[in-house]
J.: 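One structure is given below, represented as structure tokens, and several questions about it will come after.
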Amino acid sequence: MPDYDYDFIVLGGGSGGVRASRMAASFGARTALVEGGRLGGTCVNVGCVPKKLLSYGSHYAEDLEDMKGFGWSIEGTPTFDWATLKARKDAEITRLNGVYASILDNVDVEVVEGWGVLDGAHTVRVGDHRLTGRYILLAVGGTPWRPGSDLLPGVEHTWVSDDIFEMPELPRRVIVVGGGYIASEMASILHGFGADVRLVCRGDTLLRGFDDDIRHELGNELRKRGLHLHFGCHLTRVDKQADGSLQARLSDDTTPEVDAILMATGRVPRTKGIGLEAVGVQADEFGAIQVNDAFQTSVPHIYAVGDVINRLQLTPVALAEGMVVARQLFHNEESKAIDYRFVPTAVFTHPEVGTCGYTEAEARKKFGKIRLYKSSFRPMRHTITKRNARTHMKLVVDDATDQVVGLHIVGPDAGEMTQGFAVAMRCGATKAQFDTTIGIHPTAAEELVTMRTEWVPVPEDHPPRS
Ligand code: FAD
């Protein structure tokens, strides 16, 4: 048997790579982790963590207004200092980078700093350094995508999501291009910090792939808060002006002047130039590595997990996939395919979105006859603040089995609520079981266990209510 430097070489120290290498090493595998950027990857440095910190920060704008309804007042006008928040956010990220380093050090994972390239079936090259491994894991993640200047003249003046975390100062007027969760969240965050935000999206509403009611209601709630949503519209040109501002041209022939344009137009796997072709690892046309249920690529001793395989681009999913690989290779466990149904997810807009399971449209296709339960109400705190905001909830039930197969929420704390209900949904909870669960009063979540009346669409020829 050939002698390798390591049992396991992991390329990429993000969510999937750190988890896989840490577990492999704890099972006794001699493990090296190659990372070209900062430990923790996208999630820790330019994703979930800094995004949620900024989201907390920007929410105070709303809280400061709402507190007046409860009798609170602050003398003078509250001000916000971006430099303070950025410095504190940076300090927290640096702390987390250190936590990751010591977690890896504690189990003797050797961290190799630099960008790795596959250089032979069992070899990874990092600069002049060559490492050999019995198994290799590709966990190189993804990177923001924006069109080239042939498609969008002036694109070089725009930002991608990574840049938001490094902005030297807050822009006053911003265009956010895109309709996915990153565009929606960033638009909400920048608006909360006081920017005048236009969200420009090709689609007819936000969050393609989410339940249609939720997409529609999120748009309404964002509009009520003052965001300008331009649907069915796209950016065609950007010109930088002498004073540094940007003149945008939109497909509706308007030419707004702004201070920044964020292109939140998708992410692509970070596989360019890492040597996939040379060793025969197959990727699709977008660079996503093809794997089987055991996360094995077309080269059997090379594995891939996380955003680079383009299944569900979420941190907990990358962690779960990394654990499957480490367990099957170094803990004699049979590979267990991951069940991607009922993976809960949240969108940290203001208000939040939480979702788990099938949308109404998907459920109709899969189960045929379904039942719907919907509720829309003013959150209790806003009975006092008088803010024009509502919470929207929807349950999708498979009629044949009574199983709750979809849960969708727009409203405060939607993410927290959805995480709890996801456990029940994963266990196959039925609507009858939801109904026999006693609620916690007074909460918004109790509504999910007290929706008794099936929602039926009003026929179009139904006489209007007086
Ligand atoms: P990554 O975390 O991207 O890690 C890949 C690592 O590999 C990086 O550190 C990179 O530097 C390194 N690397 C790449 N190429 C090489 C190479 N050749 N050599 C050495 N190192 C290399 N997910 C959620 O679940 N919740 C959220 O709220 C959420 N918010 C997000 C917000 C934003 C703005 C973004 C961009 C993403 C967000 N995500 C969120 C998605 C989440 O961050 C990713 O799904 C997750 O980080 C994927 O982990 P990964 O290990 O596959 O890749």
Side-chain angles (χ1 to χ4, degrees), residues 1-36 39 41 100 103-127 129-142 269-271 273-284 287-311 317-338:
M1 188 147 161
D3 192 18
Y4 300 111
D5 301 332
Y6 300 95
D7 299 315
F8 197 38
I9 301 178
V10 178
L11 210 55
S15 310
V18 168
R19 180 60 63 91
S21 54
R22 178 160 77 89
M23 288 193 66
S26 70
F27 297 144
R30 294 169 304 146
T31 305
L33 174 73
V34 182
E35 172 55 61
L39 281 176
Y100 272 74
I103 284 174
L104 294 168
D105 190 45
N106 287 345
V107 285
D108 290 332
V109 173
E110 188 174 332
V111 176
V112 179
E113 287 178 18
W115 299 101
V117 177
L118 291 171
D119 196 18
H122 286 271
T123 307
V124 170
R125 181 167 46 78
V126 187
H129 197 45
R130 278 187 160 69
L131 324 171
T132 58
R134 184 166 160 219
Y135 296 106
I136 294 174
L137 175 69
L138 304 172
V140 292
R270 202 162 170 167
T271 43
I274 64 165
L276 296 186
E277 309 76 16
V279 293
V281 172
Q282 275 168 17
D284 71 11
I289 296 175
Q290 307 293 287
V291 292
N292 61 17
D293 279 350
F295 303 102
Q296 224 171 359
T297 69
S298 47
V299 179
H301 65 274
I302 301 183
Y303 289 71
V305 295
D307 282 8
V308 76
I309 63 171
N310 202 12
R311 285 189 178 170
V317 171
L319 299 177
E321 293 169 347
M323 287 193 279
V324 167
V325 171
R327 285 199 180 114
Q328 65 176 309
L329 292 181
F330 304 110
H331 206 238
N332 297 326
E333 285 181 32
E334 265 185 39
S335 169
K336 289 195 193 83
I338 289 185

J.: Should the ring pair Tyr303 and Tyr135 be called parallel, tilted or perpendicular, given that the plane angle runs from 0 to 90° and is split at 30 and 60?
T.: perpendicular
J.: Closest approach of Ala139 and Gly16, non-hydrogen atoms and distance?
T.: CB-C, 4.4 Å
J.: Mind checking side chain to side chain contact (heavy atoms under 4.5 Å, CB included) for Val18 and listing every partner two or more places apart, or none if nothing turns up?
T.: Leu33, Tyr100, Leu104
J.: For Gly322 versus Ala20, what's the shortest heavy-atom pair and its separation?
T.: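 Residues Gly322 and Ala20, closest heavy atoms: O-CB, 3.6 Å.
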J.: For Thr132, which residues count as a side chain to side chain donor-acceptor pair (under 3.5 Å) partner, sequence neighbours excluded?
T.: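 With sequence neighbours excluded, Thr132 shows a side chain to side chain donor-acceptor pair (under 3.5 Å) to Asp5, given in chain and number order.
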J.: Identify, with sequence neighbours excluded, every residue that meets ring-ring contact (aromatic ring centres under 6.0 Å, His included) alongside His331.
T.: Phe27
J.: Ile9 and Gly133: which non-hydrogen atoms are nearest, and at how many Å?
T.: CD1-N, 3.5 Å
J.: Calculate, to the nearest 0.5 Å, the distance between atoms CD and CD1 belonging to Gln282 and Ile289 respectively.
T.: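 Gln282 CD to Ile289 CD1: 11.5 Å, rounded to 0.5 Å.
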J.: Rounded to the nearest 0.5 Å, what separation is found between the CG atom of Leu131 and the CZ atom of Arg125?
T.: 11.0 Å
J.: If the condition is salt bridge (charged side-chain N to carboxylate O under 4.0 Å, His left out), which residues does Arg270 pass it with, not counting sequence neighbours?
T.: none
J.: Mind checking ring-ring contact (aromatic ring centres under 6.0 Å, His included) for Phe295 and listing every partner two or more places apart, or none if nothing turns up?
T.: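 Expected list: none.
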J.: Could you state the interatomic distance from CG (Leu138) to CG (Leu118), rounded to the nearest 0.5 Å?
T.: 5.5 Å
J.: How would you list all residue pairs meeting salt bridge (charged side-chain N to carboxylate O under 4.0 Å, His left out) that involve residues 14-28, not counting sequence neighbours?
T.: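 Found none.
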J.: State the CG-CZ distance between Asp3 and Arg134, to the nearest 0.5 angstrom.
T.: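 Answer for the CG-CZ pair, Asp3 versus Arg134, is 11.5 Å.
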J.: Sequence neighbours excluded, which residues qualify as salt bridge (charged side-chain N to carboxylate O under 4.0 Å, His left out) partners of Arg311?
T.: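 Per chain and number, Arg311 pairs via salt bridge (charged side-chain N to carboxylate O under 4.0 Å, His left out) with no residue.
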J.: Which distance, rounded to the nearest 0.5 Å, do you find between the CE of Met23 and the CG of Leu329?
T.: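 Separation between the atoms: 11.5 Å.
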J.: Kindly write out the residues that satisfy side chain to side chain donor-acceptor pair (under 3.5 Å) with Ser21, not counting sequence neighbours, or none if the list is empty.
T.: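 In terms of side chain to side chain donor-acceptor pair (under 3.5 Å), with neighbours along the sequence ignored, Ser21 is linked to no residue.
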J.: Please enumerate all residues that pass side chain to side chain contact (heavy atoms under 4.5 Å, CB included) together with Ala294, with sequence neighbours excluded.
T.: Asn292, Gln328, Ser335
J.: So does Gly280 get a backbone contact from the side chain of Ser298, meaning a donor-acceptor N/O pair under 3.5 Å?
T.: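 At least one qualifying donor-acceptor pair exists.
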J.: Would you please name every residue forming a side chain to side chain contact (heavy atoms under 4.5 Å, CB included) with Ile274, sequence neighbours left out?
T.: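 If we apply the side chain to side chain contact (heavy atoms under 4.5 Å, CB included) test to Ile274, skipping adjacent residues, the hits are Val140, Thr271, Leu276.
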J.: Enumerate the salt bridge (charged side-chain N to carboxylate O under 4.0 Å, His left out) contacts for residues 320-329, please, sequence neighbours excluded, ordered by first and then second residue.
T.: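 Sorted pair list: Arg327-Glu333.
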J.: Check residues 106-114 and write down every donor-acceptor pair under 3.5 Å in which the side-chain atom is one partner and the other belongs to a residue at least two apart or another chain.
T.:
residue	atom	partner	partner atom	Å
Asn106	ND2	Ser102	O	3.3
Glu110	OE1	Tyr6	OH	2.9
Glu110	OE2	Tyr6	OH	3.3

J.: Quick check: does any side chain N or O of Asp119 sit under 3.5 Å from a backbone N or O of Thr123, one acting as donor and the other as acceptor?
T.: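 No; zero donor-acceptor contacts below 3.5 Å.
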